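Report on the following structure.
All values below come from the heavy atoms of this structure, side chains included, with hydrogens, waters and symmetry mates left out. Bear in mind the structure is a predicted one, so any value in this text is a computation, not a measurement.
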Amino acid sequence: MNHYFVHDTPIGELILEANLNYLLKISFNRKHLNRFKACSLKKNLILEKTVEQLDEYFFNNRKFFTINYLLDTTCFFKKVLKEVSLIKFGKVKSYKQIAKILKNKNAHRAVANANAKNPLPIIIPCHRVIKSSGGIGGYGGGIINKRYLLSLENKTGNFH
């Protein structure tokens, strides 16, 4: 049985989902919780660690996460998200740069799609991926939250 926990953060409520061993998903929308009939709304050890590290990120400048997670997605999306997870705190890369790193320079739209379907935003920092023009790009948690996260990491650029 998966466990769920609603955690209040500076960017709103996050719905955390985990099994006993891995973090599985972070959602921005509480409506997702309504589709689960049999669920446990309590913290387990993985959820407790996730909450602790998210709080440290938001309030104490945590720069990377050490949470065990499981990605249930395609091989290409996993490659993209692995590359995104390597973007350091306070840095950004463009969709096009990530496509080039993956040796597929024309795949920037596929890279954007993988970011849009990132099941673990913040933990896998897709907010650090921007347009090659320097524009902010999209974000599943909303543009305001993306701006907030980039500002939190002191990478404000022209995002305001």
Notebook entry, point to check: Going by distance alone, is a donor N or O of one side chain under 3.5 Å from an acceptor N or O of the other, for Gln97 and Ser132?
Noted result: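 No, no side-chain donor-acceptor pair sits under 3.5 Å.
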Query - Distance-only polar pair, side chains of Asp55 and His7, donor-acceptor under 3.5 Å - result: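 Yes.
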Are side-chain heavy atoms of [X] and [Y] found at a separation under 4.5 Å?
{"X": "Asn44", "Y": "Tyr4", "result": "no"}
{"X": "Leu20", "Y": "Ile46", "result": "no"}
{"X": "Leu16", "Y": "Leu14", "result": "yes"}
{"X": "Ile87", "Y": "Val129", "result": "yes"}
{"X": "Ile136", "Y": "Leu150", "result": "yes"}
{"X": "Tyr69", "Y": "Ile123", "result": "yes"}

Identify the two heavy atoms, one from [X] and one from [Y], that lie closest to each other, and give their separation to 0.1 Å.
{"X": "Pro10", "Y": "Phe59", "answer": "CG-CZ, 3.7 Å"}
{"X": "Ala114", "Y": "Phe77", "answer": "CB-CD1, 3.5 Å"}
{"X": "Gly138", "Y": "Lys146", "answer": "O-NZ, 3.0 Å"}
{"X": "Pro125", "Y": "Ser85", "answer": "CD-CA, 3.8 Å"}

What do you reckon, is [atom1] of [X] surrounded by more than 12 foreign heavy atoms closer than 6.0 Å?
{"X": "Lys117", "atom1": "NZ", "value": "no"}
{"X": "Ile143", "atom1": "CD1", "value": "yes"}
{"X": "Leu70", "atom1": "CG", "value": "yes"}

How far does [atom1] of [X] sit from [atom2] of [Y], to the nearest 0.5 angstrom?
{"X": "Leu86", "Y": "Ile124", "atom1": "CG", "atom2": "CD1", "answer": "10.5 Å"}
{"X": "Leu81", "Y": "Asn118", "atom1": "CG", "atom2": "CG", "answer": "5.0 Å"}
{"X": "Phe64", "Y": "Tyr57", "atom1": "CZ", "atom2": "OH", "answer": "14.0 Å"}
{"X": "Ile26", "Y": "Leu54", "atom1": "CD1", "atom2": "CG", "answer": "5.5 Å"}
{"X": "Asn19", "Y": "Asn2", "atom1": "CG", "atom2": "CG", "answer": "6.0 Å"}
{"X": "Ile11", "Y": "Tyr139", "atom1": "CD1", "atom2": "OH", "answer": "5.5 Å"}

Arg128 side chain vs Lys91 backbone, donor-acceptor pair below 3.5 Å: no
request  = Could you tell me whether the side chain of Gln53 and the main chain of Thr66 form a donor-acceptor pair under 3.5 Å?
outcome  =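 Flag set: sc Gln53 to bb Thr66 pair under 3.5 Å.
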Ionic contact status for Arg62 with Glu56, cut-off 4.0 Å =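 Judged by the 4.0 Å cut-off on N to carboxylate O distance, Glu56 and Arg62 do form a salt bridge.
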Closer than 4.0 angstrom, basic N to acidic O: yes or no for Glu153 and Lys63?
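No, Glu153 and Lys63 are not salt-bridged.
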Next item on the list: Report the residue from Asn115, Asn113, Val80 that forms a side-chain contact (heavy atoms from CB on, under 4.5 Å) with Tyr95.
Entry: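 Testing each of Asn115, Asn113, Val80 against Tyr95, the sole residue satisfying side-chain contact (heavy atoms from CB on, under 4.5 Å) is Asn115.
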Are Leu24 and Leu120 in one and the same hydrophobic cluster, where Ile, Leu, Val, Met, Phe, Trp and Tyr link if side-chain heavy atoms are under 4.5 Å apart?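 Result: no, two separate clusters.
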(message) Before you tell me yes or no, could you show the steps for Lys96 and Lys131 under side chain to side chain contact (heavy atoms under 4.5 Å, CB included), namely the whole-Å CA-CA distance, both residues' side-chain angles and the distance that decides it to 0.1 Å?
(response) CA-CA 8 Å; Lys96 190 179 264 186; Lys131 293 181 176 184; over 6 Å; no
